[in-house]
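Worksheet for the structure shown next.
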Amino acid sequence: MGSWRRSCYCADVSSAQNGQTLILMGWVQRRRDHGGLIFVDLRDRSGLVQLVFNPEASNEVHDKAHDIRNEFVLAVKGIVQKRPEGTENPNLKTGQVEVAVAELRVLNDAATLPFMIEDETDVAEMTRLKYRYLDLRRAPLQNKLILRHKVAMATRNYLTENGFLEIETPVLTKSTPEGARDYLVPSRVNPGQFYALPQSPQLFKQILMISGFDRYFQIVKCFRDEDLRADRQPEFTQIDAEMSFVDREDVMKMMEGLVVRIFREGLGLDLNPPFPRLTYAEAVGRFGVDNPDVRFGLELKDLTEMLKGSGFKVFNDAAAKGGVIKAVCVKGGAGFSRKDLDDLTEIAVSFGAKGLAWVKITEEGWQSPIAKFLTDVERQDIATILEASTGDLLLFAADKPSIANTVLGRLRLNIGNRLGLIPKEGFNFVWVTEFPMLDYDDAEKRYVAVHHPFTAPMDEDLEKLDTDTLKVRAKAYDLVLNGSEIGGGSIRIHRSDVQAKVFEKLGIKLEEAQERFGFLLEALKYGTPPHGGIAFGLDRIMAIMTGSESIRDVIAFPKTQKATDVMSDAPSTVDQKQLDEIFIRIAVPKKAEAPAKA
RNA sequence: GGGGCCGUAGUUAAGUCGGUUAUAACGCUGGCCUGUCAAGCCAGAGGGCGCGGGUUCGAGUCCCGUCGGCCCCGCCA
């Protein structure tokens with residue numbers, strides 16, 4: 001490009017510069033060769049501007065333009081001119097003008113691309129990921145990453161203005177037994193020992209509170225070696241924050257302010273806090289899940305009291321075993337086909353139900369495999385509670401509460417989608433509070449922390465820790481956006497005796513607690529302020545803000561479902577020498593052995 | 001660990017009940033063309049059907065296995 005320096009971005013060219021000579025640089029979006037005139041759309045991250053090569057102006061430049069191909073990198077010097085009347089392009093920001101090229105420098109050529117750089121694409125995601133640098137040339141992806149930057153800046157600005165300090169925490173940390181599977185990193189200097197990549201900076205941010213930093217935040221990578229989903233990557237980014245001398249209300253209020261700021265600076269939208277709240281019990285009771293999508297109805301109703309003595313054995317047995325009988329009413333759902341009902345049954349079974357009882361209320365009465373087990377009075381009562389009328393479909397789940405709620409909660413979402421009940425536009429926030437502190441893991445036969453082991457119990461529930469363990473509620477809160485959990489946090493335990501007690505309830509022996517979390521227990525002794533915080537999943541927030549199906553679309557270099565990077569081909573085998581240095585011997589069973597890469 | 005969907009030119013897809021030389025569009029190459037912007041018109045090149053095995057006179061089509069992608073259950077404090 002020699003001494004040339006560009007005057008502005010492509011999309012910044014406007015009629016205000018009419019007659020001026022500009023230098024532009026960018027990629028060739030498309031060449032339209034009329035034999036005489038040649039048009040080239042020049043693209044950079046700002047957008048497009050049309051270049052014109054006219055043989056009457058310069059034969060030499062026009063000849064050079066003939067060899068231009070898609071994605072060549074060009075530098076041009078030319079004069080901004082208004083397009084001739086009738087040739088303006090209203091679809092382009094720069095559509096009123098064009099640049100008549102006087103000098104052309106081809107900075108680089110480009111091989112024929114595996115796919116076109118276009119806003120709309122139906123190229124397989126695998127191909128797009130392999131050539132991620134090309135996929136990232138597409139405006140939709142560029143815009144998503146630009147918005148992500150704006151959100152990060154809004155976060156830094158807001159939290160900084162509110163006295164938070166951005167402090168880095170280690171990436172090579174200590175493995176802890178609770179929670180997700182750790183990514184491990186061998187220590188060459190300490191043979192046979194391993195670091196773990198952080199699942200979150202949880203312990204470090206608490207330690208920073210103990211150190212007196214008072215308010216901390218970080219936009220930070222976290223790592224969890226678990227199976228992937230559309231909204232889960234093995235490495236993901238959290239907006240992580242912690243505050244001292246606060247209770248739940250203080251944290252939630254501060255973070256509502258953050259979310260408001262993010263949406264204002266990111267999308268120009270004004271949210272109106274405070275966001276509505278549901279307790280965990282309400283959320284699960286009415287919506288079946290702890291991340292309720294409250295944008296539509298179809299709420300769950302409890303029929304246990306009413307039907308526990310009914311003539312239907314499935315209902316009776318469930319109730320007798322301490323389970324619940326719940327139902328939803330699908331307005332107008334009586335038109336569902338046999339196949340629809342089979343689909344719904346399949347979903348119910350996949351979430352642990354033994355089957356799905358349904359009733360169609362038709363002009364001819366109750367059409368249902370279970371109708372014959374219910375009396376007229378019972379039918380009347382069910383219809384009243386479910387506010388059901390002719391043309392509706394009723395779906396029942398009778399099981400232990402966790403299964404009945406999950407099944408109906410998932411059916412609710414499926415049906416909401418199926419019937420188009422969920423508004424496509426808009427951002428609906430809800431806090432979910434008062435989570436149970438502990439859950440019982442049947443497989444491991446022990447209590448596990450619902451949030452994490454450092455979450456404080458609610459003061460009034462503290463004494464129930466031994467007597468009514470599962471009833472103890474935590475000072476925890478999740479923020480749910482359009483039915484996705486986008487953040488969660490809690491007030492932490494700040495007393496070492498309470499922390500030790502919780503470890504005990506979790507079945508972590510004193511020695512193990514000392515071994516794994518000893519530094520925290522020790523630190524808690526030396527004057528720990530009451531503190532609490534939250535972490536937001538930045539990727540999930542960005543996916544919802546940009547209307548993306550998967551968080552892969554808001555991550556520059558995401559991984560596939562098998563946790564590989566198809567562009568760089570990570571992970572891969574390493575030299576024996578590298579293994580020797582860290583004292584690692586490979587013992588992969590034959591079947592799981594990595595196949596030779598082609 | 002399990003369930004579902006999908007692998008055919010560079011890309012996106014079609015390919016019937018197994019049957020000649022595997023189609024199309026876009027892209028690509030060449031030519032024509034001075035107001036296009038998904039430019040247009042004409043001509044052309046390009047794959048042996050993810051991979052391996054099997055059945056068959058014959059397999060892109062059937063069977064078995066395997067690899068990969070996506071969605072989901074489990075898992076993810």
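FYI, side chains are in, hydrogens and waters are out, and symmetry mates aren't considered; it's all heavy atoms of this structure. Only a predicted model underlies this, so the values are computations on that prediction, with no experimental measurement involved. Chain identifiers are assigned alphabetically (A, B, ...) following the order of the sequence lines, protein sequences preceding nucleic acid strands; residue numbering begins at 1 within each chain.
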For [X] and [Y], test the side chains for any donor-to-acceptor distance below 3.5 angstrom and give the result as yes or no.
{"X": "Thr169(A)", "Y": "Gln218(A)", "value": "yes"}
{"X": "Lys326(A)", "Y": "Asn405(A)", "value": "yes"}
{"X": "Ser337(A)", "Y": "Asp340(A)", "value": "yes"}

Spacing of the [atom1] atoms in [M] and [N] (rounded, Å):
{"N": "G50(B)", "M": "A13(B)", "atom1": "P", "value": "14 Å"}
{"N": "G18(B)", "M": "A24(B)", "atom1": "P", "value": "25 Å"}
{"N": "G7(B)", "M": "C51(B)", "atom1": "P", "value": "14 Å"}
{"N": "A45(B)", "M": "A25(B)", "atom1": "P", "value": "14 Å"}
{"N": "A38(B)", "M": "G27(B)", "atom1": "P", "value": "12 Å"}
{"N": "G44(B)", "M": "G4(B)", "atom1": "C1'", "value": "43 Å"}
{"N": "U21(B)", "M": "G60(B)", "atom1": "P", "value": "11 Å"}
{"N": "U12(B)", "M": "U20(B)", "atom1": "P", "value": "27 Å"}

Quick one: label [X] by what it contacts on the DNA or RNA (base, sugar-phosphate, nothing), any heavy atom closer than 4.0 Å.
{"X": "Val448(A)", "result": "nothing"}
{"X": "Asn89(A)", "result": "base"}
{"X": "Glu98(A)", "result": "base"}
{"X": "Gln233(A)", "result": "nothing"}
{"X": "Pro84(A)", "result": "base"}
{"X": "Thr564(A)", "result": "sugar-phosphate"}

[N] [atom2] sits how many Å from [X] [atom1], rounded?
{"X": "His34(A)", "N": "G31(B)", "atom1": "NE2", "atom2": "P", "result": "17 Å"}
{"X": "Leu129(A)", "N": "C70(B)", "atom1": "CG", "atom2": "C1'", "result": "11 Å"}
{"X": "Leu48(A)", "N": "A38(B)", "atom1": "CG", "atom2": "C1'", "result": "13 Å"}
{"X": "Met126(A)", "N": "C5(B)", "atom1": "CE", "atom2": "P", "result": "20 Å"}
{"X": "Ile117(A)", "N": "C37(B)", "atom1": "CD1", "atom2": "P", "result": "21 Å"}
{"X": "His66(A)", "N": "C32(B)", "atom1": "NE2", "atom2": "C1'", "result": "10 Å"}

Residues which pass salt bridge (Lys or Arg N to Asp or Glu O under 4.0 Å) with [X], listed by chain and number, not counting sequence neighbours:
{"X": "Lys400(A)", "answer": "none"}
{"X": "Arg224(A)", "answer": "none"}
{"X": "Asp466(A)", "answer": "Lys501(A), Lys505(A)"}
{"X": "Arg446(A)", "answer": "Glu178(A), Glu444(A)"}

What nucleotide, of [options], holds the atom closest to the side chain of [X]?
{"X": "Thr560(A)", "options": "C70(B), U34(B), U11(B)", "value": "C70(B)"}
{"X": "Phe39(A)", "options": "U36(B), U12(B), C37(B)", "value": "U36(B)"}
{"X": "Thr87(A)", "options": "C37(B), G31(B), U12(B)", "value": "C37(B)"}
{"X": "Arg83(A)", "options": "C37(B), C72(B), C70(B)", "value": "C37(B)"}
{"X": "Val123(A)", "options": "U34(B), U11(B), C37(B)", "value": "U11(B)"}

Whichever of Pro453(A) and Ala230(A) has the more 5' nearest nucleotide on RNA chain B, that residue is Ala230(A)
Hey, which sits more toward the 5' end of RNA chain B by its nearest nucleotide, Ser200(A) or Gly86(A)?
-> Gly86(A)
Pairing of Lys339(A) and Asp342(A) as salt bridge, 4.0 angstrom limit | no
List for me each residue that meets side-chain hydrogen bond (donor to acceptor under 3.5 Å, both in side chains) alongside [X], sequence neighbours excluded, and say none if there are none.
{"X": "Ser46(A)", "result": "Asp44(A)"}
{"X": "Gln29(A)", "result": "Arg43(A)"}
{"X": "Asp565(A)", "result": "Ser568(A)"}

For [N], the Watson-Crick or wobble counterpart (both distances under 3.5 Å):
{"N": "C51(B)", "value": "G65(B)"}
{"N": "A24(B)", "value": "U12(B)"}
{"N": "A43(B)", "value": "U29(B)"}

State whether Lys562(A) places a side-chain N or O below 4.0 Å from either non-bridging phosphate oxygen (OP1 or OP2) of G69(B).
-> no
side-chain N/O Arg32(A) vs U36(B) OP1/OP2, d < 4.0 Å | no
When the ring planes of Phe435(A) and Tyr280(A) are compared, do they come out parallel, tilted or perpendicular, using 30° and 60° as the limits?
-> tilted
Relative to each other, are the rings of Tyr133(A) and Tyr131(A) parallel, tilted or perpendicular (30° and 60° limits)?
-> perpendicular
Stacking check: are the rings of Phe115(A) and U11(B) less than 5.5 Å apart at their centres and under 30 degrees in tilt?
-> no
Do Gln561(A) and G68(B) have a side chain to base donor-acceptor pair shorter than 3.5 Å?
-> no
When every nucleotide of nucleotides 23-30 of chain B is labelled 5' to 3' by its protein contacts under 4.0 Å (heavy atoms), B for base, S for sugar-phosphate only, - for none, what sequence of letters results?
-> ----SSSS
Taking the chi torsion of G48(B), is it syn (within 90° of 0) or anti (everything else)?
-> syn
Show me the protein contacts with nucleotides 73-76 of chain B, counting only N or O atoms at under 3.5 Å.
residue : atom : partner   : partner atom : Å
C73(B)  : OP1  : Arg410(A) : NH1          : 3.3
C73(B)  : OP2  : Arg229(A) : NE           : 2.8
C73(B)  : OP2  : Arg229(A) : NH2          : 3.4
G74(B)  : N7   : Arg229(A) : NH2          : 2.9
G74(B)  : O6   : Asp227(A) : OD2          : 3.4
G74(B)  : O6   : Arg229(A) : NH1          : 3.0
G74(B)  : O6   : Arg229(A) : NH2          : 3.2
G74(B)  : N1   : Asp227(A) : OD2          : 2.5
G74(B)  : N2   : Asp227(A) : OD2          : 3.3
C75(B)  : O2'  : Glu226(A) : OE1          : 2.5
C75(B)  : O2   : Arg232(A) : NH2          : 3.1
C75(B)  : N3   : Arg232(A) : NH1          : 3.2
C75(B)  : N3   : Arg232(A) : NH2          : 2.9
C75(B)  : N4   : Arg232(A) : NH1          : 3.2
C76(B)  : O2   : Arg232(A) : NE           : 3.3
C76(B)  : O2   : Arg232(A) : NH1          : 2.9
C76(B)  : N3   : Arg232(A) : NH1          : 3.2

